[in-house]
There are 2 protein chains.
Amino acid sequence: MARRRSGQPGIVTLQDVATAAGVSRSTASRAFSRPDLLLPETVDRIHSIAHRMGYSLNHAARALSTGRFGNLAVIVPDIGNPFFPPLVRKIEAGADTVDYAVFLGDSDESAVREATLVARLSNQIDGLVLASSRMTEDQIRAIAATKPVVLINRDLAGIARVLVDVKGGVTEAVGHLKRLGHTDIAYVAGPRESWSEQQRRQSVVAAGTAAGLTVTVLELGRPSHEAARDIVSALVDSGATAVIAFDDVVAQGLLAGLDARGIDVPREFSVVGCDDILAATTQPPLTTISGGSAAAGEAAVELLLRLIDGHPAAGDERVSIGTHLVVRASVGRVNRRR
Amino acid sequence: MARRRSGQPGIVTLQDVATAAGVSRSTASRAFSRPDLLLPETVDRIHSIAHRMGYSLNHAARALSTGRFGNLAVIVPDIGNPFFPPLVRKIEAGADTVDYAVFLGDSDESAVREATLVARLSNQIDGLVLASSRMTEDQIRAIAATKPVVLINRDLAGIARVLVDVKGGVTEAVGHLKRLGHTDIAYVAGPRESWSEQQRRQSVVAAGTAAGLTVTVLELGRPSHEAARDIVSALVDSGATAVIAFDDVVAQGLLAGLDARGIDVPREFSVVGCDDILAATTQPPLTTISGGSAAAGEAAVELLLRLIDGHPAAGDERVSIGTHLVVRASVGRVNRRR
DNA sequence: TTGAAAGCGGTACCAT
DNA sequence: ATGGTACCGCTTTCAA
């Protein structure tokens, strides 16, 4: 007499399927997890009965006994920032190929919330990707000690990470500007704490100097459209004739500010963005440094899945996403006003 | 002698805490779920020991015995569409207030993938919100029969839903245009299958006709920036002097197309968007119908949480998100070219 | 107020 | 090839 495990009505359990098929729970289980151990006909019978009964596997229960959840998590500082959706999209897609589900956490730019999220999620996931994490190195290491972690745009030795390396794109951009006669350029910076900002600033200064250009750095509090628009007067006063912006959002704000002052882009001023997330939707279409978001997401899942599979070599992997300049219409030959 | 449950090393279980505190597993459990049943000092002691040991509750295990998961899911057709991030953000925020985690599913505009996602998620969530679902009514009803569901921009009687009602905003927009002398307007349509599109088209036609204006409808395949830009010649040929676009993305494409033809906005042509997701970042800043994304997300979580709490009245709720016109700079007095 | 024990839905080892 | 059974971590009666 098969034990009748109760459970909520309407929920079909493995036991129900087993009973209906006249087999034991173990056999029913194997029909799904290790079909190779069963007679093909048994497998078929169980499968069809399960299907007919509307059975669906309880992942929580499976997780409890296997220790594997079939879930991933992505934590981003702000899903509203256009850099992240393409990234998240790729992670979804990658997870989907191996039938993993993905939790999304929005830390709202707060390290505290980020830590809370991770704690909340940690016992239902097999691994997580931390995009532009705001947490301290120690916090991150503590998490990585517990389970597979892949960092995006954060460079911690010993932890798998994917970094968007803007050096290539920046060098191209600087070369492009120089070729068009610019000698004075500016860099409108992002948030100091961010790894991306540090890397971008350094690349622009290095490439600019190497090319013999004067480069002025303008600080921006929040890298928002408004803040960027408001910094335009300082920008034109700097004497620069071209600017490389921390990201596309900032670049677009600059475009708006320039337009508001009646300064024509690209005739009187040139603007280069970064990330290529706004594509050709700006006015004029933005010349920008491309190669980031989606590619990073793709690389991150791939890495994470390898880590989860216990592939050890993936532990200290550091993948670098190359970038290049996409020329659209916001850069022109130097043309000093007045 | 307390039973030593093995488990993975590094993972602190309730049993570990109980042993350390010299109490039974039941007591340790109650310290978290029903502290009122225990001596305050016992609770404190267990809490502090748990904290010191780095204990964190295993939600999967709890779910197995309670039937509640503490997880939600949001399914969107495309997280890359700027309409959704604000929506998702609000859902995250709402879930956070009750310590729920949220799964994100991106159906990639496919009903099939959407159904797969739901199946994959259904046994680890307490409820889900389906945003702009592409599934058939039957599919949705089948899911809603199983667990709490809130629909966004899909109107199915008997299922909780939040609908962005553009009527108010559209009426204001039409009035605004009429007041500025426009007599000939166009509506650039979105994807026919979508509930939003049907509602928007109908509202524009109705309000336009009521105001005594001529309204031409222009079909657009995909509501993309490019498609919108390409339809501009048809738009100007239509004889209209102003256009209401399916959404802000389309409106921005129209802006780009108009600019490319040397047609000045708003002097020669007026453009009204919908959703207010691009805010003031367009050139010129877009006059648009606002009130959608974030508010819808907010209403949806609130509703879903109520449903999960077993609040029955929330079952057939239908909340309507009002809209209004936000005047920026893309609409002007009529001014026929030539 | 606290403890013992059963059970949630699976998996996996040990038999047969 | 299949069945019996212990166990994953936690909650929840039922007793004490």
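Computed from heavy atoms alone, side chains included, the values below leave out hydrogens, waters and symmetry copies. Naming: A, B, ... by sequence-line order, numbering from 1 per chain.
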Go through D:dG9, C:dG10, D:dG3 for me and flag the one nearest to the A:Val23 side chain. D:dG3

For the student: nearest non-hydrogen atoms of A:Leu38 and A:Ala31, plus distance: CD2-N, 3.6 Å

Take the protein atom CG of B:Leu64 and the nucleotide atom P of D:dT12, then report the distance between them rounded to whole Å. 12 Å

Please tabulate, one pair per line, all N/O donor-acceptor pairs under 3.5 Å involving side-chain atoms of residues 108-118 of chain B, not counting sequence neighbours.
residue  : atom : partner  : partner atom : Å
B:Asp108 : OD1  : A:Arg89  : NH2          : 2.9
B:Glu109 : OE1  : B:Arg134 : NE           : 3.1
B:Glu109 : OE1  : B:Arg134 : NH2          : 2.6
B:Ser110 : OG   : B:Val112 : N            : 3.2
B:Ser110 : OG   : B:Arg113 : N            : 2.9
B:Arg113 : NH1  : A:Asp96  : OD1          : 3.0
B:Arg113 : NH1  : A:Asp96  : OD2          : 2.7
B:Arg113 : NH2  : B:Asp106 : O            : 3.0
B:Glu114 : OE1  : B:Arg134 : N            : 2.9
B:Glu114 : OE2  : B:Ser133 : OG           : 2.7
B:Thr116 : OG1  : B:Val112 : O            : 2.9

State, without any angle test, whether A:Asn123 and B:Ser56 hold a side-chain donor-acceptor pair at a distance under 3.5 Å. yes

Using OP1 and OP2 only, check whether a side-chain N or O of B:Thr42 sits under 4.0 Å from C:dT1. no

Stretch residues 115-128 of chain B: residues that reach within less than 4.0 Å of DNA chain D through a heavy atom: none

With a 4.0 Å cut-off on heavy atoms, is A:Leu37 in touch with a base, just the backbone sugar-phosphate, or nothing at all? base

If the sugar-phosphate is the primed atoms plus P, OP1 and OP2 and the base is the rest, what is the B/S/- string for nucleotides 11-16 of chain C, using protein heavy atoms under 4.0 Å? BBB---

Knowing that exactly one of B:Glu317, B:Arg141, B:Arg318 qualifies, which makes a side-chain contact (heavy atoms from CB on, under 4.5 Å) with B:Ile159? B:Arg141

Sub-3.5 Å donor-acceptor pair from the side chain of A:Arg120 to the main-chain atoms of B:Asp99, do we have one? yes

Find the distance between CD1 (B:Ile46) and NE2 (B:His51) and round it off to the nearest 0.5 Å. 15.5 Å

Whether B:Tyr55 and B:Phe32 hold their rings parallel, tilted or perpendicular, with breakpoints at 30° and 60°: tilted

Spatial distance of atom CG (A:Leu130) from atom CD (A:Gln139) [nearest 0.5 Å]: 10.0 Å

Taking CD from A:Gln15 and C1' from D:dG3, how many angstroms apart are they, rounded to a whole number? 12 Å

Can you tell me the distance, in whole Å, between the CD1 atom of A:Ile46 and the P atom of D:dG3? 8 Å

